[in-house]
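For reference, the structure is listed below as structure tokens.
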Amino acid sequence: MGIDIGTTSTKTIITNEKGTLLGAGEAGYPLAVPQPSWAEQDSDLMFEAVLQSIKEAIQRAGIDGKQLEAIGFSTAMHSVIPVDADGRPLMNSIIWADNRSVAQVQRLKDENLSSMLYHKTGIPIHPMTPLPKIMWLKEERPDIFEKAVKYISIKEYVLYKFFGRYVVDHSVAGGTCLFNLNTMSWDPDALRIAGIREDQLSELVPTTHIMRGMNREFADLLGLDPEVPFVVGAADGALANLGVGAVEPGVVALTIGTSGAVRTVVPKPLTDSKERTFCYALTENHWVIGGATSNGGLMLRWFRDEFSWPEVEEARRTGRDPYDVMIAAAKEVAPGSEGLLFLPFLSGERAPYWNADARGSFFGIGLHHKRPHFIRAVLEGILFAVYGIGIALRDLAGPATEIRASGGFARSPEWRQIMSDMFGYPVHIPKSHESSSFGAVVLAMYAVGALERLEDVNKLIPITERQEPNIEISPTYIELYYLYDRVYRKLEQEFSIIAEYQRRTTTK
């Protein structure tokens, strides 16, 4: 069984030893936005979703839960939940998408602490990370800060409910900006900056760490053997690489769903002199480097909802998906959108710029540009964002040999072709289930000895489609990417000014 706590839902899958899907369950939960740029979720609702998704997966697999040989766990990174002495949350979970700690991040940069923290922890300083979130709590919510006995993530909360222990794997810990990559321990300097003690964080364990002795109440509720090996697992990004088989040198995993990410696996920790990428553990010999963009398919949905009413109407009239109609319209426009660029920073940006104040822009608009040009520019702009991360990975780990693509966009041959043309590499579509939950399955198999090497995951994942690059188009995209990058850098100061104006004038 693989369990993945995501941003909008928890997904659970059950497979056999050959990786064949037997059953799946999913349960969602709402996102709370109590103020502009804040993002929170109810930890207890998320825990209930974990229980519900497990029960549904077992039911759909048609098995007795006591047949499970191992359970692996994946989770979205960067959440912070302050809990009291009884393990009760003192507030909602502050999730990765929350940007309330912009001021704390800026102060760390102004005090020349951000580079030191990055090279120790492998995580660029950004409001998504728990360290500045804890600083925000100390400064803005001292009532909660003083009561907090522990600061944990949502996976740690679930594990505490299941086993009565606070443990965190090296992978999730690596996303906190509090974990030292070299010593594999909580970093004293980072703790001092955050204003907390080591005993306020969970016990560090490897991603393959096995827990047994599940709380009998929950074991009975779910129909599980309380002694089933429960593998603590890793963060969703690391497990997504494993879930698509991108664990060997030169193989890059590219995922675009609501947001997007580009990652590859290296044998030892690597940080970037330009601080563009993150680095966190999959196992002691497998380290994931890469970056995430805040703006993936969400940008296409925004354009659909706000500007593509003719395509939406045509889709309604013909029974097609609105996105298919939009992409068909974009296909009629030449690569490069006839000089129209889209900077897709409507949600700020993470890698490679790590700028929460970045804002979206269309650049180069002329009278000849029509709505299909804008649609294609949005598609290309999303891919320019991930291409920039790919350049950073090339600088660190060498050229890619293959891209393994997943996420909602991978279902579109047109979008995959743009990606292959832009990167100049073949794009492979693996037959995989939800990549992070399947990665959790594979890591659990590895931890209990059912899989000898992580690299053997590729025996479980056939490639279903392959897209070859058009090498005649690639130079166009490379030229436009560097223009895209220059436009961003020329607007960087203006982005900060307009973002501050928006914070002052935007109401709840």
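Predicted model, so just to flag it, every value in this text is computed and none were measured.
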* Kindly say whether G290 contributes a backbone atom to a donor-acceptor pair with the side chain of T277 at under 3.5 angstrom? => no
* Asked: Parallel, tilted or perpendicular: which fits the ring planes of W302 and F342, with parallel below 30° and perpendicular above 60°?
  -> parallel
* To do: Search all heavy atoms of I403 against all heavy atoms of L254 and return the closest pair with its distance.
  => CG2-CB, 3.9 Å
* Sub-3.5 Å donor-acceptor pair from the side chain of E140 to the main-chain atoms of L137, do we have one? -> no
* To do: Look at D98 together with R100 and state whether they make a salt bridge at an N to O cut-off of under 4.0 Å.
  => yes
* Structure fact -> Across all chains, not counting sequence neighbours, the ring-ring contact (aromatic ring centres under 6.0 Å, His included) partners of Y481 are Y387, Y484
* Any side-chain heavy-atom pair from W415 and I382 closer than 4.5 angstrom? -> yes
* **N180 side, atom CG; D189 side, atom CG - distance, nearest 0.5 Å** => 9.0 Å
* Structure fact -> Residues at least two apart in sequence or cross-chain that pass ring-ring contact (aromatic ring centres under 6.0 Å, His included) with H209, listed by chain then number, are none
* Would you kindly check if the NZ (Lys) or CZ (Arg) of K155 is within the cone defined by 45 degrees around the ring axis of F73 and under 6.0 Å from the six-membered ring centre? => yes
* Between the side chains of S93 and E40, does any donor sit under 3.5 Å from an acceptor? -> no
* NE2-CD distance between H369 and E338, expressed to the nearest 0.5 angstrom -> 6.0 Å
* Structure fact -> Rounding to 0.5 Å, atoms CG (L159) and CD1 (I152) come to a distance of 9.5 Å
* Asked: Picking from W96, W354, Y118, Y353, what satisfies ring-ring contact (aromatic ring centres under 6.0 Å, His included) with H126?
  -> W354
* More than 12 non-hydrogen atoms from neighbouring residues, nucleotides or ligands closer than 6.0 Å to CD on E492, yes or no? -> yes
* **N295 side chain to G348 backbone, donor-acceptor under 3.5 Å** => yes
* Asked: Do T8 and L31 have side-chain heavy atoms sitting under 4.5 Å apart?
  -> no
* Asked: Is it true that the side chains of Y488 and S361 contain a donor and an acceptor less than 3.5 Å apart?
  -> no
* Any donor-acceptor N/O pair, E479 side chain to T476 backbone, under 3.5 Å -> no
* **Short side-chain donor-acceptor distance under 3.5 Å, T129 and H78** => no
Please table the atom pairs, donor to acceptor, closer than 3.5 Å between any side-chain atom in residues 41-51 and protein atoms at least two apart or in another chain.
unit_1	atom_1	unit_2	atom_2	d
Q41	NE2	T7	O	2.5
D42	OD1	D44	N	2.9
D42	OD1	L45	N	3.1
D44	OD1	Y157	OH	2.5

* **Set of side-chain contact (heavy atoms from CB on, under 4.5 Å) partners for M184, sequence neighbours left out** => H170, F179, W287
* Are the side chain of S79 and the backbone of I94 linked by a donor-acceptor contact shorter than 3.5 Å? -> no
* To do: Answer yes or no: is there a donor N or O on one side and an acceptor on the other, between the side chain of R350 and the main chain of G291, under 3.5 Å?
  => no
* Taking atom types as modelled and ignoring hydrogens, do the side chains of T10 and E26 form a donor-acceptor contact shorter than 3.5 angstrom? -> no
* **Side-chain heavy atoms of I134 within contact of I196, under 4.5 Å** => yes
* **F363 atom CZ, over 12 foreign heavy atoms within 6.0 Å** => no
* Check whether any side-chain heavy atom of R404 sits under 4.5 Å from a side-chain heavy atom of V252, and report yes or no. => no
* Counterpart residues, ring-ring contact (aromatic ring centres under 6.0 Å, His included), relative to Y425 (two or more places apart) -> none
* To do: Mind running ring-ring contact (aromatic ring centres under 6.0 Å, His included) on F162 and Y160 for me, showing each step along the way?
  => CA-CA 5 Å; F162 280 170; Y160 177 78; over 10 Å; no
* CG/N99 to CD/Q35 distance, rounded to the nearest 0.5 angstrom? -> 13.0 Å
* Over all atoms of both residues, closest heavy-atom pair of L117 and C177 -> CB-SG, 4.3 Å
* **Under 3.5 Å donor-acceptor, D84 side chain and D86 backbone** => yes
* To do: Look at R276 together with D395 and state whether they make a salt bridge at an N to O cut-off of under 4.0 Å.
  => yes
* To do: For the pair F362 and F374, evaluate ring-ring contact (aromatic ring centres under 6.0 Å, His included) and give the outcome as yes or no after the intermediate values.
  => CA-CA 8 Å; F362 283 101; F374 284 85; 5.0 Å; yes
* Asked: Is a salt bridge present between R304 and E311, judged by a nitrogen-to-oxygen distance below 4.0 Å?
  -> no
* Between CG on residue D272 and CD1 on residue I289, distance to nearest 0.5 Å -> 8.5 Å
* Judged by atom type as modelled, is there a donor-acceptor pair below 3.5 Å linking the side chain of T283 to the main-chain atoms of H286? -> yes
* Asked: What are the two closest heavy atoms between A173 and W186, and how far apart are they?
  -> CB-CH2, 3.6 Å
* Find the distance between CG (L383) and OG1 (T293) and round it off to the nearest 0.5 Å. => 10.5 Å
* How about V441 and I71: do any of their side-chain heavy atoms sit closer than 4.5 Å? -> no
* Taking atom types as modelled, find out whether D4 and S74 have a side-chain donor-acceptor pair closer than 3.5 angstrom. => yes
* Asked: Between E203 and V205, is a side-chain contact (heavy atoms from CB on, under 4.5 Å) present by the stated rule, with each step listed?
  -> CA-CA 7 Å; E203 173 192 354; V205 297; 4.0 Å; yes
* Of all heavy-atom pairs between Y29 and G6, which one has the smallest distance, and what is that distance? -> OH-O, 2.8 Å
* Test item: V386 and M419 side chains (from C-beta on) under 4.5 Å apart, heavy atoms -> no
* Asked: Taking all non-hydrogen atoms of both residues, which atom of T12 and which atom of S53 are closest, and how far apart?
  -> OG1-OG, 2.8 Å
* To do: Walk me through it: do R503 and D357 pass the test salt bridge (Lys or Arg N to Asp or Glu O under 4.0 Å)?
  => CA-CA 10 Å; R503 281 191 285 271; D357 284 344; 2.9 Å; yes
* With no hydrogens and no angle check, do the side chains of S496 and Q493 hold a donor and an acceptor under 3.5 Å apart? -> no
* Asked: Closest approach of D169 and P206, non-hydrogen atoms and distance?
  -> CB-O, 4.3 Å
* Without hydrogens or angle criteria, can the side chains of S294 and S347 be said to hold a donor-acceptor pair below 3.5 Å? -> no
* Find out whether F163 and N215 are in side-chain contact, i.e. whether some heavy atom of one side chain is under 4.5 Å from a heavy atom of the other. => no
* Charged N to carboxylate O below 4.0 Å: is that the case for R107 and E139? -> yes
* Are S337 and E380 close enough that some pair of their side-chain heavy atoms sits under 4.5 Å apart? -> yes
* Asked: For the side chain to side chain contact (heavy atoms under 4.5 Å, CB included) test, which of I81, I144, V80, V83 pairs with M91?
  -> I144
* Asked: Between K147 and D143, is there a salt bridge with N-O shorter than 4.0 Å?
  -> no
* Who are the ring-ring contact (aromatic ring centres under 6.0 Å, His included) partners of Y482, not counting sequence neighbours? -> none
